[in-house]
Novice: 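Pasting a structure here, questions to come.
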Amino acid sequence: MSARLPALFAAQAVALSARMGEVTLHAVDDLRTKAEELLPKGDPLRQAVLAFATMYEVHRRDKAALAAMGEALDRAVAEALRRQPVDPSTWPAPVDLERRDIHG
C-alpha cells in the first residue's frame, strides 16, 4: 500500500484541480509518470490515470469536460482506497488500554 500512496495522492490532487478547472499540464505529466512507475499494469487506478492523461490532451481547454474527467478520476481514487485490504495489526494501540472500566 505504501508504494501506491504517492500515486494516490497525486491522482487525488489532479482530480480536485480538474474539478475546479485549474489542472496544469505539469501536474498531469507528473501523475502519469507516478502511475506508470508505481502502479502495476492491471491496476484499475493506473488505467483511470492513463485515460485521464490521454483525454486531458484533447480537452485541456474545456472546463466542463475537465470537471467531468476530474469527477471520474476522483471516483477511481475512492474505489482504489475502498478495495485495499485492512490490516488491523497496523492500527495503533488504544492510548487507554490500561483502563479496566472500558476494556475489561
Novice: For Asp30, enumerate each residue passing the side-chain hydrogen bond (donor to acceptor under 3.5 Å, both in side chains) test, keeping only those at least two apart in sequence or located in another chain.
Specialist: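 Lys34.
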Novice: Enumerate donor-acceptor pairs with a distance under 3.5 Å from any side-chain N or O in residues 45-60 to protein atoms, sequence neighbours excluded.
Specialist:
from: Arg46; atom 1: NH1; to: Glu36; atom 2: O; distance (Å): 3.4
from: Arg46; atom 1: NH1; to: Leu39; atom 2: O; distance (Å): 3.0
from: Thr54; atom 1: OG1; to: Leu50; atom 2: O; distance (Å): 2.9
from: Tyr56; atom 1: OH; to: Val23; atom 2: O; distance (Å): 3.4
from: Tyr56; atom 1: OH; to: Leu25; atom 2: N; distance (Å): 3.4
from: Glu57; atom 1: OE2; to: Arg32; atom 2: NH2; distance (Å): 3.1

Novice: Can you run down the salt bridge (charged side-chain N to carboxylate O under 4.0 Å, His left out) pairs that involve residues 6-15, sequence neighbours left out, and say none if there aren't any?
Specialist: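 Passing the test, one end in residues 6-15: no pairs.
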Novice: Of all heavy-atom pairs between Gly70 and Arg19, which one has the smallest distance, and what is that distance?
Specialist: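 Shortest heavy-atom separation between Gly70 and Arg19 comes out as C-CG, 3.7 Å.
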Novice: Which residue pairs pass the salt bridge (charged side-chain N to carboxylate O under 4.0 Å, His left out) test when at least one of the two sits in residues 61-71, sequence neighbours left out?
Specialist: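 Every candidate salt bridge (charged side-chain N to carboxylate O under 4.0 Å, His left out) pair involving residues 61-71 fails, so no pair, neighbours aside, qualifies.
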Novice: Going by atom type alone, with no hydrogens or angles, which donor-acceptor pairs under 3.5 Å involve a side-chain atom of residues 8-15 and a protein atom two or more places apart or on another chain?
Specialist:
from: Gln12; atom 1: NE2; to: Asp74; atom 2: OD1; distance (Å): 2.9

Novice: With hydrophobic residues grouped by side-chain heavy-atom distances under 4.5 Å, do Leu31 and Leu81 end up in a single group?
Specialist: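 They do share one cluster, since a chain of ILVMFWY contacts under 4.5 Å joins Leu31 to Leu81.
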